[in-house]
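Worth saying up front: this structure is predicted, and the values here are computed from it rather than measured.
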Amino acid sequence: MTLLFQTKHIKILGLLIASLLSFSCSSDNSIVVTDDETGEDDENTEIPLQDRLPQVFVNTNGGVIVDEPKISSEAKFVVTGDTIYKGNLGIEFRGATSQLIFDKKSYGLETWDENGEDINVSLFGFPEEEDWILYGPYSDKTLMRNVLIYDIARDLDQYASRTLFVDLTLNDQYQGVYVFMEKLKRDGERIDINKLKDDENSGEDLTGGYILKIDKTAGNNLGEGYNELNSFVSAYPPPNASGGQETYFLYEYPDAEDITAEQKEYISTYMADFEDALASEDFLDPDLGYANFIDKESFIDFFLLNELSNNVDGYRLSTFMHKDKNEKLKMGPIWDFNLAFGNADYCGGGSPNVWAYKFNDRCPDDIWLVPFWWDRLLEDPAFVAQLQERWSSLRGGQLSNAAIMDHIDAYLLQLNESGSVVQNFDTWPVLGTYIWPNNFVGSSYEEEIGYLTNWIENRLSWLDTEISQL
């Protein structure tokens with residue numbers, strides 16, 4: 001067991017006895033620990049309400065949830081036994097691959113009024129909005145990979161979706177541990193960029209704000225596949241592309257239905273000019289080079305977060321970027337890291353000792369490849385020096401072994417004291433079972449956490465050496 005895993009905060013005892021105990025809900029919504037051998041309640045181990053995770057109850061009243069559109073449902077949000085919100089929700093399945101192959105589904109939510117119209121609501125203390133997500137960790141058996149990386153991103157002063165572990169009950173059936181989280185969208189408390197109106201088509205107004213993403217086309221449903229209605233294509237093929245793969249930029253905000261022809265022309269031209277400058281022989285020139293188009297600090301933090309976790313989808317899927325009015329292009333927010341931190345058994349995703357941005361070297365036949373940007377940026381000595389300085393600074397604080405472990409310890413304390421870990425894996429008995437694309441299959445929750453923490457320790461050590469030698 002490594003030093004990273006030997007911390008004073010982890011309550012391993014709860015993990016060690018998990019196999020001997022099961023949990024049941026009493027009539028007052030408290031949790032009672034039951035001895036599997038006797039079947040009798042142990043009153044001394046009843047879980048107090050204040051230790052339980054926040055509860056989300058959703059009832060579709062006989063309606064069948066589909067991919068889209070959202071169907072009407074009734075919802076109740078409960079904290080320590082007190083109902084903090086009761087109202088109408090629109091609910092649908094969300095996710096691309098996960099929706100098709102995982103038994104535990106994730107859901108997109110909208111808070112609705114009595115007429116089925118969107119209404120902004122503050123839920124669990126998050127800033128008011130109408131769009132929300134219930135993400136169901138399934139192949140990530142630690143339950144915490146997305147929560148961890150989003151917390152780390154906020155430690156770096158980058159916006160990332162706010163998250164909260166909750167228990168979900170759907171149509172009176174317990175569904176397990178979920179992560180209640182914000183959907184990425186333009187908002188003063190989320191992606192804080194200018195609201196670009198459809199009549200702002202010239203001059204300074206036209207310069208922002210925009211959100212683009214590199215991703216699959218799920219959710220961008222104008223036409224089939226990538227097309228001129230929902231996206232535009234880079235003039236530069238990804239490095240090592242072996243099958244004619246291209247990089248597409250999807251319109252996220254304004255979305256494909258609302259963006260005007262003038263706005264499309266502006267943002268596609270801006271991106272083309274950036275890529276031309278980056279690819280040119282003058283890419284380091286202070287007047288002609290790429291630095292005139294991008295916010296280097298955001299690119300560096302985006303790079304470090306994807307490399308810290310060896311995100312196998314990094315740079316090529318679920319990759320958001322945004323441009324505010326009169327400002328340069330910024331990377332982020334980060335999104336969808338459930339296959340990161342060693343949780344993928346393909347294309348080097350499980351290794352702590354490879355560069356995520358070099359994905360194309362390992363899997364040139366993949367449909368989605370990493371754009372040429374990152375190889376080229378690392379040819380700039382000034383960019384590399386700034387990246388090295390940032391890494392060194394963060395390793396003394398926000399990205400220290402101790403800081404990262406403190407996050408994990410806090411999640412473990414909450415998940416174990418609530419009884420929700422055992423409840424979740426009673427509902428979804430996947431421990432010891434391969435769930436695509438697991439690189440590691442632990443026989444217990446303790447082993448899954450041990451793998452994660454050991455993997456992070458090895459990754460940090462490798463990056464310390466490799467970043468210093470860029």
Side-chain angles (χ1 to χ4, degrees), residues 2-4 7 145-160 278 283-284 289-291 294-316 318-321 328-335 337 339-343 348-362 370-408 452-470:
T2 66
L3 290 175
L4 181 59
T7 67
R145 282 176 166 87
N146 270 327
V147 176
L148 175 61
I149 196 67
Y150 297 159
D151 279 345
I152 291 173
R154 284 191 297 276
D155 289 344
L156 271 56
D157 294 324
Q158 300 290 332
Y159 167 73
L278 186 62
F283 83 110
L284 300 180
Y290 77 90
I294 69 167
D295 178 273
K296 288 200 293 185
E297 289 78 9
S298 72
F299 273 68
I300 286 170
D301 280 359
F302 188 85
F303 178 89
L304 292 178
L305 290 166
N306 277 280
E307 294 301 337
L308 166 68
S309 60
N310 187 16
N311 182 15
V312 74
D313 287 345
Y315 314 106
R316 63 189 192 94
S318 300
T319 293
F320 286 78
M321 61 205 77
K328 297 178 181 180
L329 181 72
K330 293 184 178 181
M331 288 304 298
I334 59 167
W335 189 246
F337 279 56
L339 304 185
F341 295 108
N343 195 33
S351 174
N353 301 328
V354 299
W355 287 111
Y357 82 94
K358 289 292 189 180
F359 176 93
N360 302 6
D361 294 353
R362 298 184 291 274
V370 177
F372 80 97
W373 302 356
W374 306 96
D375 285 282
R376 187 63 162 164
L377 287 169
L378 293 175
E379 294 177 20
D380 177 7
F383 184 89
V384 170
Q386 190 173 342
L387 186 153
Q388 291 170 329
E389 182 179 357
R390 178 66 164 159
W391 175 255
S392 178
S393 174
L394 292 172
R395 285 291 281 138
Q398 298 96 315
L399 295 186
S400 68
N401 292 37
I404 294 173
M405 198 62 223
D406 281 347
H407 282 303
I408 295 174
L452 173 65
T453 55
N454 292 341
W455 189 95
I456 290 173
E457 183 178 65
N458 290 332
R459 183 64 173 173
L460 290 168
S461 178
W462 185 81
L463 286 172
D464 284 338
T465 298
E466 294 300 314
I467 288 177
S468 70
Q469 296 176 356
L470 282 173

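Listed by chain and residue number, Arg376 satisfy the salt bridge (charged side-chain N to carboxylate O under 4.0 Å, His left out) test with Glu379 (two or more places apart in sequence, or in another chain). Remark: Asn343 engages Asn438 in a side-chain hydrogen bond (donor to acceptor under 3.5 Å, both in side chains) (not counting sequence neighbours). Phe337 is linked by a ring-ring contact (aromatic ring centres under 6.0 Å, His included) to nothing, counting only residues two or more places apart in sequence or in another chain. Scored by the ring-ring contact (aromatic ring centres under 6.0 Å, His included) test, Phe372 finds Tyr236 as partners (sequence neighbours excluded). Partners of Trp391 according to the ring-ring contact (aromatic ring centres under 6.0 Å, His included) rule, which considers only residues two or more places apart in sequence or in another chain, do not exist here. Contacts of Asp380 classified as side-chain hydrogen bond (donor to acceptor under 3.5 Å, both in side chains), with partners at least two apart in sequence or in another chain: Tyr290.
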Please test Asp301 against Asp157 for side chain to side chain contact (heavy atoms under 4.5 Å, CB included), starting from the C-alpha separation and ending with a verdict. CA-CA 10 Å; Asp301 280 359; Asp157 294 324; over 6 Å; no
Walk me through whether Leu463 and Leu304 qualify under side chain to side chain contact (heavy atoms under 4.5 Å, CB included). CA-CA 10 Å; Leu463 286 172; Leu304 292 178; over 6 Å; no
Do Leu148 and Ile456 pass the side chain to side chain contact (heavy atoms under 4.5 Å, CB included) test, and can you show the C-alpha distance, the side-chain angles, and the key distance before you say yes or no? CA-CA 12 Å; Leu148 175 61; Ile456 290 173; 4.0 Å; yes
CA sep, side-chain torsions, deciding dist, call: Arg316, Asp313, salt bridge (charged side-chain N to carboxylate O under 4.0 Å, His left out): CA-CA 6 Å; Arg316 63 189 192 94; Asp313 287 345; 3.4 Å; yes
Candidate pair Met331 and Thr319, rule side chain to side chain contact (heavy atoms under 4.5 Å, CB included), full reasoning: CA-CA 8 Å; Met331 288 304 298; Thr319 293; 3.7 Å; yes
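Counting only distance, with no hydrogens or angles, the side chain of Asn360 and the backbone of Val370 share a donor-acceptor pair below 3.5 Å. Proximity of a side-chain donor or acceptor of Ser468 to a complementary backbone N or O of Thr465 within less than 3.5 Å is detected. For Ser309 (side chain) and Phe341 (main-chain N/O), no donor-acceptor pair under 3.5 Å exists by modelled atom type. Remark: the backbone N or O of Glu297 is not paired with any side-chain donor or acceptor of Lys330 at under 3.5 angstrom.
Gly348 and Arg362 get closest at one heavy-atom pair: CA-NE, 3.9 Å. Closest of all the heavy-atom pairs between Trp455 and Pro352 is NE1-N, 3.5 Å. Closest approach of Asn306 to Ala356, counting heavy atoms only: O-CB, 4.1 Å. Nearest heavy atom pair, residue Arg154 against residue Ala160, reads NH1-O, 3.1 Å.
When side chains are defined from C-beta on, Leu278 does not count as touching Ile294, because their heavy atoms never get closer than 4.5 Å.
Distance check: Ile300 CD1 to Leu387 CG gives 5.0 Å after rounding to the nearest 0.5 Å. Here the straight-line distance linking atom CG of Asp151 with atom NE2 of His407 works out to 5.0 Å at 0.5 Å rounding. Between the CG atom in Leu460 and the OG atom in Ser400 there is a gap of 9.0 Å [rounded to 0.5 Å]. Rounding to the nearest 0.5 Å places CD of Glu457 at 11.0 Å from CD1 of Ile404. Of the inter-residue distances, the one linking Arg459 atom CZ with Ser351 atom OG reads 7.0 Å to the nearest 0.5 angstrom. Atom CG of Leu305 is separated from atom CD1 of Ile149 by 5.0 Å, given to the nearest 0.5 angstrom.
Open room surrounds CD on Glu389; 12 or fewer heavy atoms of other groups in view lie less than 6.0 Å from it. Within 6.0 Å of NZ in Lys296 there are more than 12 heavy atoms belonging to other residues, nucleotides or ligands.
Glu307 pairs in a side chain to side chain donor-acceptor pair (under 3.5 Å) with only one of the listed residues (Trp462, Tyr315, Trp355), which is Tyr315. Screening Trp373, Phe303, Phe302 against Tyr357 for a ring pair (Phe, Tyr, Trp, His ring centres under 6.0 Å) leaves a single residue, Phe303.
For the residue pair Asn401 / Arg395, a side-chain donor-acceptor distance below 3.5 Å is found, with atom types taken as modelled.
The ring of Phe299 has its center closer than 6.0 angstrom to the ring center of Trp374.
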